[in-house]
Amino acid sequence: CGGRVNISPAFLLLAAWLLYRDRQGVMVPALLACALHEAGHVLAIHWAGGAIKEFNITAVGAELVLLRQLSYGRELLTAAAGPGTNLLLAALTGPRWPLFTGLNLALAVFNLLPLEPLDGGRMLRCCLSLTLGPGGADRAGRLLSRAAACLLLLLGLRAALRGGNPTLLLAALWLCAAATGDFREKWGKRVVSRG
């Protein structure tokens, strides 16, 4: 990817535990879908003339750190490249590999949610910055991220209380914490991709 790669011990422990517990064979195709998602970002960054300083892999996702800021249009393109890669893979694999197709669709849809630090939140911020300017985009993006995170939290809580899988609730809690954090320092300067 052109920069330093940092893999957190928490990611390695989580991946090892999930691979050990995986009785249905989901983890390897899921990790492949995530790796191809990030490869889409990396290719788009290089195509857009960006340079990657670091590639951080953590227990909650991946983060590409750029050496210099991209224009809003190029940032929008690089943010869309990850989910776009997953949608393309889902279209190409279709019914032949239903598990891989479903994982790519789920990853694309999740990352397209208009929440920071997801790709959809970055895409929304780029569009808002072009129309409202950076200050207006910061205020509107923060408000929309918090509202969407609260909605996901309610849906996740409802599903968990009805005996469903707690994954949505855990993801919503992480996104709520992220939505209440301060991303102004990271926006456009540091975070290029989390997925």
Side-chain angles (χ1 to χ4, degrees), residues 1 3 33-58 60-92 102-153 155-156 168 171-172 174-195:
C1 78
C34 291
L36 293 169
H37 174 100
E38 295 305 327
H41 286 305
V42 169
L43 289 173
I45 289 166
H46 286 298
W47 181 85
I52 298 169
K53 179 181 177 185
E54 293 179 13
F55 183 25
N56 301 312
I57 301 171
T58 69
V60 294
E63 176 187 53
L64 291 162
V65 180
L66 298 185
L67 286 172
R68 60 189 170 280
Q69 186 173 347
L70 296 173
S71 69
Y72 294 129
R74 289 175 188 248
E75 176 76 12
L76 179 63
L77 172 76
T78 62
T85 300
N86 293 122
L87 291 173
L88 178 62
L89 288 167
L92 291 174
L103 288 167
N104 275 289
L105 284 174
L107 189 58
V109 168
F110 179 73
N111 273 282
L112 287 171
L113 292 173
L115 291 143
E116 291 184 49
L118 300 176
D119 297 325
R122 290 180 32 252
M123 293 165 64
L124 176 64
R125 183 68 69 98
C126 287
C127 293
L128 290 173
S129 293
L130 289 169
T131 56
L132 302 174
D138 187 49
R139 289 186 297 278
R142 194 169 298 213
L143 179 66
L144 290 169
S145 280
R146 288 177 180 163
C150 287
L151 178 62
L152 273 181
L153 183 62
L155 291 172
L168 179 59
W174 173 70
L175 289 169
C176 279
T180 58
D182 187 4
F183 289 95
R184 278 181 288 196
E185 287 303 310
K186 291 184 175 183
W187 161 245
K189 297 178 185 146
R190 180 172 159 75
V191 175
V192 171
S193 170
R194 277 191 182 274

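Residues take their numbers from the sequence shown, with the count starting at 1. No experiment lies behind these values; they were computed from the predicted model shown.
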Take Leu66 and Ile52 through the side chain to side chain contact (heavy atoms under 4.5 Å, CB included) test and state the conclusion after the steps. CA-CA 4 Å; Leu66 298 185; Ile52 298 169; 4.1 Å; yes
Taking every heavy atom of Ala81 against every heavy atom of Ala44, the minimum-distance pair comes out as CB-CB, 3.4 Å
Side chain to side chain contact (heavy atoms under 4.5 Å, CB included) against Ala51, all qualifying residues, sequence neighbours excluded: Leu67, Arg68
If I compare all heavy atoms of Leu118 with all of Asn111, which pair ends up nearest, and what's the gap? CB-O, 3.8 Å
Search all heavy atoms of Ala149 against all heavy atoms of Leu115 and return the closest pair with its distance. N-CD2, 3.2 Å
Report yes if the side chains of Arg139 and Leu132 come closer than 4.5 Å at any heavy-atom pair, otherwise no. no
Taking every heavy atom of Cys126 against every heavy atom of Tyr72, the minimum-distance pair comes out as SG-O, 3.5 Å
Could you grab the distance from atom CD of Glu63 to atom CD1 of Ile57, nearest 0.5 Å is fine? 11.5 Å
List for me each residue that meets side chain to side chain contact (heavy atoms under 4.5 Å, CB included) alongside Ala137, sequence neighbours excluded, and say none if there are none. Arg125, Leu128, Ser129
Is there a side-chain contact between Leu152 and Leu113, using heavy atoms and a 4.5 Å cut-off? yes
Residue list, side chain to side chain contact (heavy atoms under 4.5 Å, CB included) with Ala48, at least two apart or on another chain: Arg74, Thr78
Across all chains, not counting sequence neighbours, the side chain to side chain contact (heavy atoms under 4.5 Å, CB included) partners of Leu77 are Trp47
What distance separates Leu89 CG from Leu36 CG, expressed to the nearest 0.5 Å? 5.5 Å
Evaluate the side-chain proximity of Pro114 to Leu124: yes if any heavy-atom separation is below 4.5 Å, no if none is. yes
Would you indicate whether the side-chain heavy atoms of Leu64 and Glu38 approach each other to under 4.5 Å? yes
Residues forming a side-chain hydrogen bond (donor to acceptor under 3.5 Å, both in side chains) with Asn86, sequence neighbours excluded: His37, Asn104
